[in-house]
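Right, one structure below, let's go through it.
Residue numbering restarts at 1 for every chain, and letters A, B, ... go by the order of the sequence lines. Below, all heavy atoms of this structure are taken into account, side chains as well, without hydrogens, waters or symmetry copies.
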Protein chains: 2
Amino acid sequence: MIASRAAIDGLVRGRSGPPSVCALSDCAECQIRSVSICSDLENDELSAFESLGQCCTFPTRATLFMEGANADVVYNVTSGLVRLFRILPNGRRRVIGFALPGDFLGLPLSEQYGFSADAAELTTACRFPRRLFTDFLYARPHLMRRLYESTSRALEHSHDQVVLVANSGAKAKVAAFLLQQRLRWARVRGMSVTVPLPMGRQDIGDFLGLSISTVSRALTSLARESLILIVPKGVRLLDLPRLQLIAED
Amino acid sequence: MIASRAAIDGLVRGRSGPPSVCALSDCAECQIRSVSICSDLENDELSAFESLGQCCTFPTRATLFMEGANADVVYNVTSGLVRLFRILPNGRRRVIGFALPGDFLGLPLSEQYGFSADAAELTTACRFPRRLFTDFLYARPHLMRRLYESTSRALEHSHDQVVLVANSGAKAKVAAFLLQQRLRWARVRGMSVTVPLPMGRQDIGDFLGLSISTVSRALTSLARESLILIVPKGVRLLDLPRLQLIAED
DNA sequence: CGTGTTCTTGAAGCCGTTCAATGAAAGTGG
DNA sequence: CCACTTTCATTGAACGGCTTCAAGAACACG
């Protein structure tokens with residue numbers, strides 16, 4: 001089975017768009033990035049690339065790969081949500097990030113995965129043997145450069161995450177998280193004030209370095225001030241400017 | 001004026017070493033990395049590279065570049081310590097990382113610097129016009145790959161930083177910081193239990209997301225338990241295993 | 001409809017911050 | 001070289017925010 005049409009559509013997203021669109025398509029936290037790289041692909045290259053992939057579906061809580069395991073496949077998420085996390089020596093879990101449809105997963109060249117990944121809900125992804133994938137890239141300098149630029153941008157976003165998580169209050173963290181999610185989902189479902197939150201509160205807490213109760217309290221607090229409206233599996237952002245202010249505090 | 005001998009020595013560090021040594025030479029936090037890339041350079045390439053550089057010295061608190069400014073030069077730190085930071089909308093300062101001798105600075109391809117950099121003490125660095133530098137790299141696929149791998153590794157380290165800063169206690173953060181600094185300085189001054197801390201307490205606090213007083217308290221607490229010994233401009237690590245345990249908590 | 005899971009909300013306690021004062025060290029000018 | 005100034009580090013006490021523990025409410029699933 002080769003890569004689904006959906007996967008390929010995801011890959012070539014931005015092909016006709018300006019570079020700035022490609023920049024937006026990088027994942028905020030990790031080695032995840034939608035490979036806008038593919039916008040540089042020639043048609044014959046694209047079909048060669050296409051033939052490398054294979055589709056998979058993962059039910060909720062199914063693991064895509066485990067931290068420390070041999071990194072022999074990379075994934076392109078096509079639907080659902082993937083949770084990226086590490087288990088600390090003290091047993092706690094830290095969520096590194098979330099992979100949305102269009103995001104790439106497992107690119108790092110290290111031979112082992114640096115974190116674990118599992119499905120937060122029913123998820124489909126396109127799987128590539130890592131070896132073939134990286135060889136394909138390394139053989140094409142223009143793609144290498146794109147990959148480097150993409151990684152570099154992911155690194156900048158990781159800095160943002162450090163800044164956010166380090167020393168701001170719970171409300172600021174949650175507000176920033178919501179605004180961040182809004183931008184990320186915009187690429188998938190278009191820009192909207194309704195932000196999907198398929199992950200649980202615990203996941204958000206582990207991502208922001210907050211306890212589940214603090215996340216819940218921050219959300220209800222924002223809701224009480226009519227800045228957001230909590231809906232099933234998501235929130236509606238009612239006052240973006242004020243949310244931005246709170247997030248920057 | 002061309003690149004000093006010291007700068008070139010810094011660049012070729014690891015040339016004779018195994019790949020694992022190169023891996024160690026990546027900066028933990030940022031787009032900083034000692035360009036172990038150069039170990040792949042042929043001699044003629046190396047001299048061509050050498051001629052691109054120019055030496056500079058910066059007194060304490062002198063700024064190398066400001067966040068948002070046009071990123072038209074990259075630096076290779078040859079001595080001293082460079083502080084990398086961002087000023088948040090609320091006026092606070094967040095230290096993104098520290099650049100040690102051998103670290104590279106400003107590689108990102110974005111046209112503007114993503115953070116500011118200034119000298120934490122008397123610092124010398126080797127300056128390259130960014131355009132020439134990146135063109136030089138982009139023209140050499142094997143260097144591109146090294147650069148990508150290096151950036152990818154920096155990203156993983158950034159994840160570590162997120163994990164550290166997010167939800168561990170003050171003592172754990174400080175202990176982890178000390179152990180981290182020890183490894184980084186090992187490349188410069190050799191492995192030792194005496195760790196230089198040329199930066200101020202405030203810098204450490206802004207880096208770890210702690211107040212200056214908490215940093216001070218954590219250090220004195222560790223000292224009281226005979227895990228470290230505080231010396232001028234540094235600490236001596238007396239009990240590495242137990243420090244490791246504390247850092248992991 | 002019942003059971004298990006997730007989310008919310010409350011109260012107590014802890015840890016880090018803030019504010020403030022003291023002490024130490026480094027830089028400056030006579 | 002010393003006295004003065006300035007900066008930095010340490011320490012104390014009070015406050016506040018987040019966590020923990022725990023119970024109840026909402027929700028999803030069979």
Handout entry: A:T214 side chain to A:S211 side chain, donor-acceptor N/O pair below 3.5 angstrom
Key = yes

Heteroatom pairs (N/O) under 3.5 angstrom, protein to nucleotides 20-29 of chain C:
none

Quick one: which protein N/O atoms are closer than 3.5 Å to N/O atoms of nucleotides 13-16 of chain D? Pair and distance per line, please.
residue	atom	partner	partner atom	Å
D:dA13	N6	B:R217	NH2	3.2

Practice task
Report yes if a side-chain nitrogen or oxygen of A:S211 is closer than 4.0 Å to either non-bridging phosphate oxygen (OP1 or OP2) of D:dT19; otherwise report no.
Solution key: yes

Problem - Electrostatic pair B:K171-B:E225, nearest N-O below 4.0 angstrom - result: yes

Completion exercise
Taking for B:R61 and for A:I212 the nucleotide of DNA chain D with the nearest heavy atom, the one nearer the 5' end belongs to B:R61

Handout entry: B:R93 bridged to B:D203 by N-O distance under 4.0 Å
Key = yes

Exercise for the section: Give one of base, sugar-phosphate or nothing for B:L210, where a contact means two heavy atoms less than 4.0 Å apart. Expected result: sugar-phosphate

Handout entry: Gap between atoms CZ and P, on A:R92 and D:dC18 respectively (whole Å)
Key = 16 Å

Fill in the blank from the handout: When rounded to whole Å, the CD to C1' distance for the pair A:Q202 and C:dT8 reads 14 Å

Exercise for the section: Run the ring-centre check on B:F115 versus B:F85 and record whether the distance is less than 6.0 Å. Expected result: no

Problem - Short N-O contact, B:D72 and B:R127, less than 4.0 angstrom - result: no

Practice task
Would you sort out whether B:F207 and B:F177 count as a ring pair (Phe, Tyr, Trp, His ring centres under 6.0 Å), showing the intermediate values?
Solution key: CA-CA 9 Å; B:F207 179 61; B:F177 174 71; 5.6 Å; yes

Problem - Lys/Arg N to Asp/Glu carboxylate O, B:K173 vs B:D249, below 4.0 Å - result: no

Problem - B:S216 side chain near D:dA9 phosphate (N/O to OP1/OP2, under 4.0 Å) - result: no

Practice task
For A:T214, answer base if it contacts any base atom (sugar-phosphate contacts may also be present), sugar-phosphate if it contacts only those atoms, and nothing otherwise; contact means non-hydrogen atoms under 4.0 Å.
Solution key: base

Problem - Touch class at under 4.0 angstrom, heavy-atom based, for B:G205 against every strand present - result: nothing

Handout entry: Exercise: do A:S79 and A:T124 side chains pair donor with acceptor under 3.5 Å
Key = yes

